Amino acid sequence: MSDSKTPLLDELEKGKWPSFVKDLKKLAQRSPKAKDLLGQLELSYKDKMTHWKHGGIVGVKGYGGGVIGRFSDAGDQFPGAAHFHTVRVNQPSGWFYTSTALRELMDIWDKYGSGIVNMHGSTGDLILLGVDTDNLEPLFTDLSNADWDLGGSGSDARTPSCCLGPARCEFACYDTLALTYDITMTYQDELHRPFFPYKWKFKMAGCPNDCVASIARSDFSIIGIWRDNIRIDQDEIKKYADSGLNIAADVVNKCPKNCVEWDGKALKIDDEGCSKCMHCINVMPKALRPGEDKGACILIGAKAPIVEGAQLSSVLVPFMKLEPPYDELKSLIRRIWDFWDEFGKARERIGECIQRIGLGNFLEKVGLDPVPQMVLQPRDNPYIFYEEYFEEE
Amino acid sequence: MSDSKTPLLDELEKGKWPSFVKDLKKLAQRSPKAKDLLGQLELSYKDKMTHWKHGGIVGVKGYGGGVIGRFSDAGDQFPGAAHFHTVRVNQPSGWFYTSTALRELMDIWDKYGSGIVNMHGSTGDLILLGVDTDNLEPLFTDLSNADWDLGGSGSDARTPSCCLGPARCEFACYDTLALTYDITMTYQDELHRPFFPYKWKFKMAGCPNDCVASIARSDFSIIGIWRDNIRIDQDEIKKYADSGLNIAADVVNKCPKNCVEWDGKALKIDDEGCSKCMHCINVMPKALRPGEDKGACILIGAKAPIVEGAQLSSVLVPFMKLEPPYDELKSLIRRIWDFWDEFGKARERIGECIQRIGLGNFLEKVGLDPVPQMVLQPRDNPYIFYEEYFEEE
Amino acid sequence: MSTPQRRTDIGPPHYEKFLHPIIKNNYGKWKYHEVLKPGVLVHVAEGGDKIYTVRAGSPRLMSSDFVRFLCDLAEKYCDGYLRFTSRNNVEFLLANKDNIEPLINDLSANGISAGGTKNTISNIVHTQGWVHCHSAATDASGLVKAVMDELCDYFTGKIELPHKLRIAVACCLNMCGAVHCSDIAILGVHRRPPKINYERLSNLCEIPSIIASCPLAAIRPTIIDGKKSVEVDEDNCMYCGNCYTVCPAMPIADPLNDGVSIWVGGKVSNARTTPMFTKLAIPFLPNNPPRWPEAVAAVKNIVEVYARGAKKYERVGEWINRIGWPKFFDLTGIEFTKYHIDDFKYAGKTYRTTTQMV
Amino acid sequence: MSTPQRRTDIGPPHYEKFLHPIIKNNYGKWKYHEVLKPGVLVHVAEGGDKIYTVRAGSPRLMSSDFVRFLCDLAEKYCDGYLRFTSRNNVEFLLANKDNIEPLINDLSANGISAGGTKNTISNIVHTQGWVHCHSAATDASGLVKAVMDELCDYFTGKIELPHKLRIAVACCLNMCGAVHCSDIAILGVHRRPPKINYERLSNLCEIPSIIASCPLAAIRPTIIDGKKSVEVDEDNCMYCGNCYTVCPAMPIADPLNDGVSIWVGGKVSNARTTPMFTKLAIPFLPNNPPRWPEAVAAVKNIVEVYARGAKKYERVGEWINRIGWPKFFDLTGIEFTKYHIDDFKYAGKTYRTTTQMV
Ligand code: SRM
Ligand code: SRM
Ligand code: SRM
Ligand code: SRM
Ligand code: SF4
Ligand code: SF4
Ligand code: SF4
Ligand code: SF4
Ligand code: SF4
Ligand code: SF4
Ligand code: SF4
Ligand code: SF4
């Protein structure tokens, strides 16, 4: 048998994909916390179960969120894992970094924690994994002095995240990075001090490709879109055709609304029938571009399954112009939070709350007019709560 | 003002569509019951509400169903309408008649009732509308002597009905008329003596066009279908093309599964991809025909909205050969009725019962293996009731 | 004269007795059909035999004399063989092609139109209404007559449609007219909760059944005058009338507030799309007998907009799916309201969970 | 040395500080992009400027030294500018085309592959697993490593796919990995009800919260030893673990019975189809660390069958929609069971209400 203390994990040093085991074993040589983490993980691999205990409230002064307490049930065997809290660091919009900034951050982290990170967490934070309770305050102080702040956790606004949008994508229909930064700054209080019925996630995508999965993973999804016609460069279309692209098969036949025509010479789009699905643009980005009247579609309510089943966000505002200071958007957010505050139950996501109260009632309460864009179809059952009627005279 | 006692109804004598008012007014000259029916209807038109009282149990000896009691709340004004029961006469399969048979029936009806009929009721019965309680028995006696029997009502098997199938349609994949007759005769007891938790409707359609709306309107829907390939007569295809049919637009582009190819010379169908939707066959019945390995798809559970919302029938057996004596089918029906008897609640349709108990559990109890054809998609939520697990040793 | 003996459980007459000889000879051996013109079909058997069908509109609600009149025609033109369709039209089965026109002329002389085949509006499937049901929020026969008077040219094929269009009427939420899967439907609705007659209730009705009858659990047990009774939570009642169906002491009809709603886009056939439910178009129009002008105009408007906009072989629901619901409301000028947004059990599945608006 | 002052609510660093000069200059002015080869993109600005991106696989879970190593590369090849993607890949942003190959060589010398663009399998979005979560029914990082080792050639584009294929892993039903909308997903599952520690429960947990936490109302209040407590109706429990999330005294982990399930056919983008949920493919496979061979083989099988059968630009869910679920089970050899049939709240909408089987 091998001498290694982690024979099972060692199996994961092999293979083509980068090995976190190899990497962390190297780290373990200088980080006792990392060493014990690997030890405990090996135990989990042996026992086929987790060795983390349930929750535990820890944090930094004045903040309700941003730190997840984590304690081991095998702390006697692995003292370095006994306290192993997570610190969620609010990532910069679009996950852009310079090496300088990252190095500074890593130095701080090595000073106080295990040296283990997630680049990044599912919500978007830069995640520091494994710090003792006592080190939380000093860590936070150093972080904040290096211009870093914490992200969200608990029943607060979670760290907003966005696709890289206008920074490097020609499809972006609004400035996802700017909006994300603005929203994050505007709602610092809501982000750091849990006071909602449950968590609230913002995600900003620049176009319907939704590269940040906002429609699936955020309570409030802001997805770029345009209102006018797709811009066509017929010369570039020709070039695509000449270069061997099968426009009939790959574009015309794949258009879900059957609104692209191609006669071998020019491409025509029936923009009224177009659902702005992006497919044709995705296939021929040199030749096709979103229109010029751009903004975003606002959708609400996505979440994972528990309790009421997974939900996707659904349309709330079919189209909104998004320019600083984003007053219309922020007023809407405020009205929704007021509603949620009044009607939401504890641990009930906004999407679940809307389904319980009814989308129609919700609209009334947040002051939006119902429009058919909000639904895939009108009701098919006749169980209508009529509100107008005549009284006998 | 006009002298007419029915000024409102008289408005309905005008217009292009045949007028029941004109017809019934003529009848009223010899039928006091018809006269009073019109009088009461006029009153309803004036009051904008019904003048029939709720239910009332009447019937013929030994039968639990087939008669709907109906009493007027304006019987003093319209004595002929005071009792105005419905007798549901079981129609012949496919609603085929000879004038002789119909005349005989009408004579009996004129003798005992109002002379008003529905050709036919929504479930399929030939409906005699308006007879006094006292006349029920004699009416039934005469009917039965003329070879007519009652249909269903109440919590029984309702009168089965079917499309005309092989009698006059080239698409029929099984003998709808024969099966309907057989089922009706086999279940005379269930049809006449309510003992189910609620009503149960059978409807037989010869092909997926479903001309008898079985998938929407019957608890047990038997819809003809084939398993092999669509038969193509290429000569007739050519003739359609020559005669001006736009095969590309009207057939190829309309095929929901994109599995028809037409190169101007021959038509090709990818039968594996074909969902047997009938569209291409409907458009070119001279050239295309269902395959030769015919049978039916059995579906279960359609109903109107109340209580749990409208349901369409859903697939239970993707394909079943249907030849007399239909043992496989009848065994299945029996197992389902046994299940319903055990698990159904009062006034709960089988479709509602299955949804409450779960389709998977239902299948187990009626002894059918789950197959993917039963669902549009597998579950998308992770709330699985695992039944296998290991016990600690 | 001795009383004749009654016979039971004999079932319906065997259909074979009623089949035209050509049909009997070619039973199951039909090869193809053609629609010769609206209302007229020919079915051709493998062996070459032909049977002609003339389909004619019927009011469904009729006198025995009207039936006899149909029999007269059947005897005159087709050896007495006739049938009715699943949508309550009458069909004459002719061996002789030459009888088609005379039959149609005779029909039309009596105010009856041939039609209803292929891409037409066929007869309206409907229910009893005030003619015969205690539950009705509107009439059916009169409403149907008013609508068909207006749409008759679509039945006869005088005005062409992209495809079949099927209308249904039901006079209450029980939907005996099966309006839940029609291209266009008219549904009678109540708009006020039931009024409880406490005395009759305790004599006539079972409390548990009443409570179980409510789709929204709006009915609670209570004690009135020392007797077990029920009360309705009016905020949770959506006026379906099912409690009235199980308990006569909870009448729900209300002339001031009853009326009709209009529904669109359902279908039954599996052709092209899977079957679809009908969706709400207009939540409420007044009951305005004898001719329900508001309802008639609403249906006609939808038919016309469909006829203009749909492509060949598109049913109403397919057309709407293509253009999208926003466009449907736009083109028809129908207002989209809170009522259109589903709030029953599958509501969540009807929200638009995509940026695709068309 | 005086303690430095802590600052609060300063928010994240402004992103502009981290943008490559070419990006800053062409912000919002990109014209088009091309995928030069798997893992390598070029974005071209209206004015003609170009920025090159090299995307490389990352384990997500890493040491500070690994981050520093990435920084080394960024400094060597691209002035220190790098970013991470929404799927946890790392991206190097290059001004100079000539640096692409050397960078890729350096990466690959260190066991890191470039890839993940266009029609490849990108990095697996995943969660904490046994590495850091109390709730985990399986590990995430190890499972991901095992799967990606096997699928790496699909990441690098060595083997071509019809379109993007996105895999996610979540270690419990909370689904932090958002597996509910992925082409293929692996989900950790429990198969036994929670075991209640009554003593801890009365000290630690709020009874009403526990009861409200159960999606199926399987938890009832009860009295144990005179103290308010709860009991679980085991017939109604589907092992979601949400009661454990709200109450530590209801642990649900069970090494004997925990494992993973496999899901397919979800997507997020609005391209072509609307976004779709992932659907159940395999209800249960054992937890078999360190390499989960059963789960890896199952995923690989689905990828291979998809790669063979799908048409260009068809995501997994689109491919299945075209061929139909029966065919999917047929081609993959996966058994269809009772567990595949939905029985949660929208179950009725998943039954096949048509004769169309494909
Ligand atoms: C770290 C992270 C997973 C990861 O490895 O990336 C994570 C980790 C946890 N999640 Fe999560 N969630 C994380 C993103 C998500 C996401 C994905 C997303 O945000 O895009 C989801 C699904 C989307 C959603 O919000 O619905 C998600 C849905 C949940 C849920 C279920 C919530 C629900 O309404 O269904 C819970 C349960 C809860 O809130 O009690 C949960 C709870 C948890 C807890 C706090 C466990 C608990 O019950 O206390 C986990 C802490 C693990 C630990 O100790 O490290 N986590 N969680 C992600 C946050 C990192 C970050 O800040 O960037
Ligand atoms: C870098 C990234 C955004 C970011 O801010 O990090 C990104 C960047 C781009 N995406 Fe994306 N997408 C990114 C995550 C996503 C996601 C989110 C996810 O996977 O969780 C989606 C939704 C996936 C889904 O539907 O499940 C996504 C759906 C798309 C699509 C739609 C594909 C489709 O047909 O369904 C396109 C268009 C395409 O590929 O033709 C697209 C296209 C693009 C383009 C071509 C946009 C552009 O013009 O630059 C970018 C480079 C693409 C490439 O990979 O070939 N991007 N893209 C993300 C890279 C993740 C990764 O490392 O693999
Ligand atoms: C006569 C007929 C309407 C017609 O004008 O054609 C009819 C008339 C009545 N139906 Fe119906 N139903 C008739 C076909 C239907 C259909 C359509 C069908 O069978 O294709 C349906 C919808 C499909 C279904 O079964 O779900 C239908 C769904 C109902 C319901 C709701 C059942 C449900 O589960 O939602 C009720 C309420 C009840 O059963 O208490 C009902 C109840 C009634 C009652 C008995 C009223 C009552 O609550 O007591 C009506 C008696 C009216 C009368 O006095 O004449 N009727 N009923 C149809 C039967 C004629 C025949 O036998 O041929
Ligand atoms: C006579 C009748 C059956 C019966 O036993 O009574 C019948 C007979 C035929 N139907 Fe039907 N259908 C009949 C009710 C139906 C119904 C039921 C209903 O409307 O309630 C449906 C389902 C309607 C729906 O989807 O909502 C129905 C959906 C079809 C279809 C599918 C149309 C589509 O594309 O959706 C076809 C094919 C076609 O029209 O090309 C069809 C085709 C036919 C054919 C051509 C079949 C044949 O080869 O003979 C028959 C003559 C058709 C014609 O009208 O042009 N039949 N057909 C019914 C006549 C009703 C009437 O008086 O109008
Ligand atoms: S969501 Fe749209 S704008 Fe944002 S990165 Fe993806 S393709 Fe570009
Ligand atoms: S964006 Fe989508 S719907 Fe619009 S034309 Fe292009 S492919 Fe068609
Ligand atoms: S259901 Fe099919 S077999 Fe029956 S009449 Fe209609 S088209 Fe013919
Ligand atoms: S039956 Fe329907 S699915 Fe099959 S080939 Fe014909 S049109 Fe296509
Ligand atoms: S729909 Fe309602 S009112 Fe009309 S006949 Fe049926 S039960 Fe009576
Ligand atoms: S009318 Fe319907 S919703 Fe109202 S109380 Fe009666 S059963 Fe319930
Ligand atoms: S999915 Fe479950 S086990 Fe995994 S990190 Fe999230 S809460 Fe923890
Ligand atoms: S595990 Fe889930 S289903 Fe079972 S009792 Fe707990 S919350 Fe309810």
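So that the names make sense, note that chain A is the first sequence line, chain B the second, and so on, each numbered from 1. These figures come from a predicted structure and were not determined experimentally.
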>> Please rank D/F284, D/Y346, D/W263, D/F277 by heavy-atom pairs under 4.5 Å with chain B and give me the top one.
In response: D/W263

> Checking D/Y339 side chain against B/E387 main chain: does a donor-acceptor pair fall under 3.5 Å?
Replying inline: yes

>> Below 4.5 Å, heavy-atom pairs only: which of B/G360, B/P318, B/S314 has the largest tally toward chain D?
In response: B/S314

> Does any non-hydrogen side-chain atom of B/V375 lie less than 4.5 Å from one of D/W325?
Replying inline: no

> Do the side chains of D/L280 and B/I384 get nearer than 4.5 Å, heavy atoms only?
Replying inline: yes

> Between B/Y383 and D/L173, is any pair of side-chain heavy atoms under 4.5 Å apart?
Replying inline: yes

> Quick one: is the NZ or CZ of D/R192 closer than 6.0 Å to the six-membered ring centre of B/Y389, and within 45° of its axis?
Replying inline: yes

>> I need the residue from D/M276, D/R191, D/E335 with the largest number of non-hydrogen atom pairs under 4.5 Å to chain B.
In response: D/R191

> Has B/K268 got more than 12 heavy atoms of other residues, nucleotides or ligands less than 6.0 Å from its NZ?
Replying inline: no

>> Out of D/N257, D/D254, D/D235, D/D343, return the one with the most heavy atom pairs under 4.5 angstrom to chain B.
In response: D/N257

>> Could you check whether any side-chain heavy atom of B/P378 comes within less than 4.5 Å of a side-chain heavy atom of D/F328, counting everything from C-beta outward?
In response: no

>> Is any side-chain heavy atom of B/L299 closer than 4.5 Å to one of D/T355?
In response: yes

> Got a sec: does the CD of D/E231 have more than 12 other heavy atoms crowding it under 6.0 Å?
Replying inline: yes

> Just how far is it from atom OG1 of D/T350 to atom CG of B/L359, taken to the nearest 0.5 Å?
Replying inline: 7.5 Å

>> Could you check whether any side-chain heavy atom of D/H190 comes within less than 4.5 Å of a side-chain heavy atom of B/Y386, counting everything from C-beta outward?
In response: no

> Side chain, backbone, both or neither: which part of B/C259 has a heavy atom under 4.5 Å from chain D?
Replying inline: neither

> Picking from D/N236, D/N321, D/V179, which has the most non-hydrogen pairs under 4.5 angstrom with chain B?
Replying inline: D/N236

>> Quick check: do D/M357 and B/I225 have side-chain heavy atoms less than 4.5 Å from each other?
In response: no

> Got a donor-acceptor contact below 3.5 angstrom from the B/R379 side chain to the D/I341 backbone?
Replying inline: yes

> Between B/K257 and D/R322, is there a donor-acceptor pair closer than 3.5 Å when you use the side chain of the first and the backbone of the second?
Replying inline: yes

> Considering all heavy atoms of both residues, which atom of B/N381 and which atom of D/F344 are nearest to each other, and what is their separation?
Replying inline: ND2-CB, 3.3 Å

>> How close do B/P382 and D/M175 get, counting heavy atoms only, and between which atoms?
In response: CG-CE, 3.8 Å

>> If you compare all heavy atoms of B/C277 against all heavy atoms of D/Q356, which two are closest, and at what distance to 0.1 Å?
In response: CB-NE2, 3.5 Å

>> If you count heavy atoms of other groups shown closer than 6.0 angstrom to NZ of B/K345, is the number above 12?
In response: no

> Heavy-atom distance under 4.5 Å to chain D: side chain of B/E388, backbone, both or neither?
Replying inline: both

>> Give me the atom names and distance for the closest heavy-atom approach of D/F329 to B/P372.
In response: CD1-CB, 3.9 Å

> How many angstroms lie between atom CZ of D/F336 and atom CE of B/M374, to the nearest 0.5 angstrom?
Replying inline: 8.0 Å

>> Heavy-atom cut-off 4.5 Å, strictly under: side chain, backbone, both or neither for B/N361 against chain D?
In response: both

> Do you know which of D/K349, D/H180, D/K327, D/K345 has the most heavy-atom pairs under 4.5 Å to chain B?
Replying inline: D/K327

>> So for atom CD, which belongs to D/E304, do other residues, nucleotides or ligands contribute more than 12 heavy atoms lying within a distance under 6.0 Å?
In response: yes

> Using a cut-off of under 4.5 Å for heavy-atom pairs, which of B/S275, B/S313, B/A216 has the most such pairs with chain D?
Replying inline: B/S275

> For D/P215, is it the side chain, the backbone, both, or neither that has a heavy atom closer than 4.5 Å to a heavy atom of chain B?
Replying inline: side chain

>> Only pairs of heavy atoms separated by less than 4.5 Å count here; which of D/T354, D/I323, D/L216 has the most with chain B?
In response: D/T354

> Is it the side chain or the backbone of B/V371 that comes within 4.5 Å of chain D heavy atoms, both, or neither?
Replying inline: backbone

> Checking heavy atoms, do the side chain of B/Q311, its backbone, both or neither come under 4.5 Å from chain D?
Replying inline: neither

> Under a 4.5 Å cut-off applied to non-hydrogen side-chain atoms, are D/K338 and B/F385 in contact?
Replying inline: no

